[in-house]
Amino acid sequence: MSVAADPNEKFAHYAHPERLVSTDWLAENLDTPSLVVVESDEDVLLYDTGHIPGAVKVDWHTDLNDEVTRDYVDGTAFARLMSAKGISRDSTVVIYGDKSNWWAAYALWVFSLFGHEDVRLLDGGRDKWLAEGRPTTIDVPGDQSVDYPVVERDDAPIRAYLNDVLDHLGKPLIDVRSVDEYTGARTHMPAYPEEGALRGGHIPTAASVPWARAAAEDGTFRSRSELDAIYRDEVGLKDDDEVVAYCRIGERSSHTWFVLCHLLGFTRVRNYDGSWTEWGNAVRVPIVKGTERGEISAP
Amino acid sequence: MTTTLPAKLDEIVEDFQALDEPDRLQLLLEFSRGLPELPRHLQEHPELLEQVVECQTPLFLSVEIDDSAERIVSLYFSAPPEAPTTRGFAGVLQEGLDGLPSAEILAVPDDVPDRLGLTRAITPLRMRGMTAMLGRIKRTVRAGQAG
């Protein structure tokens, strides 16, 4: 049984208001039995310094990524993870995390690869909960054992591979990295170490819309009208467009994927998780440097 | 094998290695909590700190070397509470290296971060952050010796 959506007025303007909950709503619903709160951070230790009471931790690196292949875990491993975290197939899952929900959005996207139906984000994430002085705990819920079916991932609708992106060229692409990464001035995030992309620049025709433009100062999502102004008016996306978003490893573009799919209602959006750490190293794929989107050269 | 490590750092590495992975992370969290506050002269003069830009989260470092023949090194770190992993690495280096003669710090092998047994739980990117911290400390100490 899924839990009733947050009737928050701001959310009502989004295409899928039920995909977001406010800190007020979460505080009131923490004890709802069919609700599981998940914290997903970049920093592997952050959850242990204090988290929302009852929240379980899902680590993007050790829980969601396959240890050997550059891929996500399979249906068996995901079912095992869900079971241990006390999540059943019909649980309402609310995910929150650090850095304006980057990793929370990434986790939500991975949950969606497995078709987990009711998965939402906490608007404003961890920072907003803490800024409001709401309760935290260092108590970690013990591992559980609940039934979760083995469901194989269905990547195609929302995940793009390198070859999919090559086939996609000519249709809208959104590069959500910083402007310096887009132009090729640098191959990694400011203040982040070099991550080993051999070439700098962007995929030809990609529009540069740094992910953070979709977030307000307090880490909450910008309003429907502000988001429409960016993605529809400025970038020119239209309702039935097929869109691919990418960044460096797919985490920041999960944030943009969430915005396009769930807040603005685009139905054909894929996240290219290989992103620049794959494209910038691949042999003979086209790259454009500089601020211009560039064109696709004839084969 | 680890004879080249200074005694305190060697002890820390052994502590990590004696644990299984979840407990190693808890130990790193303890180092994060135990990272000393900046002394007053640095709190009042944050410009004396330099940023280690290779770290994913803001980390500021000050390396002070005294006038004694051994050129004893004092290490001060500052990192925000929302960056516990970075603070934990800083805490390991602070406890393991603070107060040592310059020569001993320069002799610390660059692969010490890999010996903590955290490379599976913590992304390579972050582990490189700790390597960068150690590298920055050694570069500064080396420059201090030359000067």
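Each chain gets a letter, A, B and so on, in the order its sequence line appears, and its residues count up from 1. Computed over heavy atoms, backbone and side chain alike; hydrogens, waters and symmetry mates excluded. Worth saying up front: this structure is predicted, and the values here are computed from it rather than measured.
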Could you tabulate the donor-acceptor pairs under 3.5 Å formed by side-chain atoms of residues 63-70 of chain B, not counting sequence neighbours?
| from | atom 1 | to | atom 2 | distance (Å) |
| --- | --- | --- | --- | --- |
| E64(B) | OE2 | H41(B) | NE2 | 2.7 |
| D66(B) | OD1 | S68(B) | N | 3.1 |
| D66(B) | OD1 | S68(B) | OG | 2.8 |
| D66(B) | OD1 | I72(B) | N | 2.9 |
| D66(B) | OD2 | S68(B) | OG | 3.4 |
| S68(B) | OG | R71(B) | N | 3.3 |

> Which of parallel (below 30°), tilted (30 to 60°) and perpendicular (above 60°) describes Y272(A) and W279(A)?
Replying inline: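 Rings of Y272(A) and W279(A): perpendicular, over 60°.
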> Mind checking whether Y106(A) and W103(A) have parallel, tilted or perpendicular rings, split at 30° and 60°?
Replying inline: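 Because their plane-to-plane angle is over 60°, the rings of Y106(A) and W103(A) count as perpendicular.
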> Taking atom CD of E47(B) as the centre, does the number of heavy atoms from other residues, nucleotides or ligands within less than 6.0 Å exceed 12?
Replying inline: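 Yes, because the 6.0 Å sphere around CD of E47(B) holds more than 12 heavy atoms from other groups.
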>> Under 6.0 Å from the ring centre and within 45 degrees of the ring axis: does the NZ or CZ of R177(A) meet both conditions for the six-membered ring of W211(A)?
In response: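 No, R177(A) does not lie over the aromatic ring of W211(A).
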> Is it the case that R134(A) places NZ or CZ above or below the six-membered ring of W129(A), under 6.0 angstrom from the centre and within 45 degrees of the axis?
Replying inline: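 Yes, R134(A) lies over the aromatic ring of W129(A).
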> How about Y246(A) and D175(A): does a side-chain donor come under 3.5 Å of a side-chain acceptor?
Replying inline: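 Result is yes, a qualifying pair exists.
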> Considering only heavy atoms, which portion of R33(B) lies under 4.5 Å from any heavy atom of chain A: side chain, backbone, both, or neither?
Replying inline: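 For R33(B), the side chain is the part near chain A, not the backbone.
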> What parts of residues 62-84 of chain A touch chain B if we use heavy atoms and a cut-off under 4.5 Å?
Replying inline: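 Expected list: T62(A), E67(A).
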> For the atom pair OG1 (T85(B)) and CE (M127(B)), what is the distance rounded to the nearest 0.5 Å?
Replying inline: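 It is 10.0 Å, given to the nearest 0.5 Å.
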> Quick one: side chain to side chain donor-acceptor pair (under 3.5 Å) partners of R120(A), sequence neighbours excluded?
Replying inline: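 For R120(A), the residues satisfying side chain to side chain donor-acceptor pair (under 3.5 Å) (neighbours in sequence not counted) are D118(A).
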>> Less than 4.5 Å to any heavy atom of chain B: does that hold for the side chain of D98(A), its backbone, both, or neither?
In response: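 It is neither, since no heavy atom gets under 4.5 Å.
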> Listed by residue number, which members of residues 91-112 of chain B have a heavy atom under 4.5 Å from any heavy atom of chain A?
Replying inline: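 Heavy-atom contacts from residues 91-112 of chain B to chain A are absent.
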> Can you check ring pair (Phe, Tyr, Trp, His ring centres under 6.0 Å) on F221(A) and H255(A), steps first, answer last?
Replying inline: CA-CA 10 Å; F221(A) 289 103; H255(A) 188 275; 5.0 Å; yes
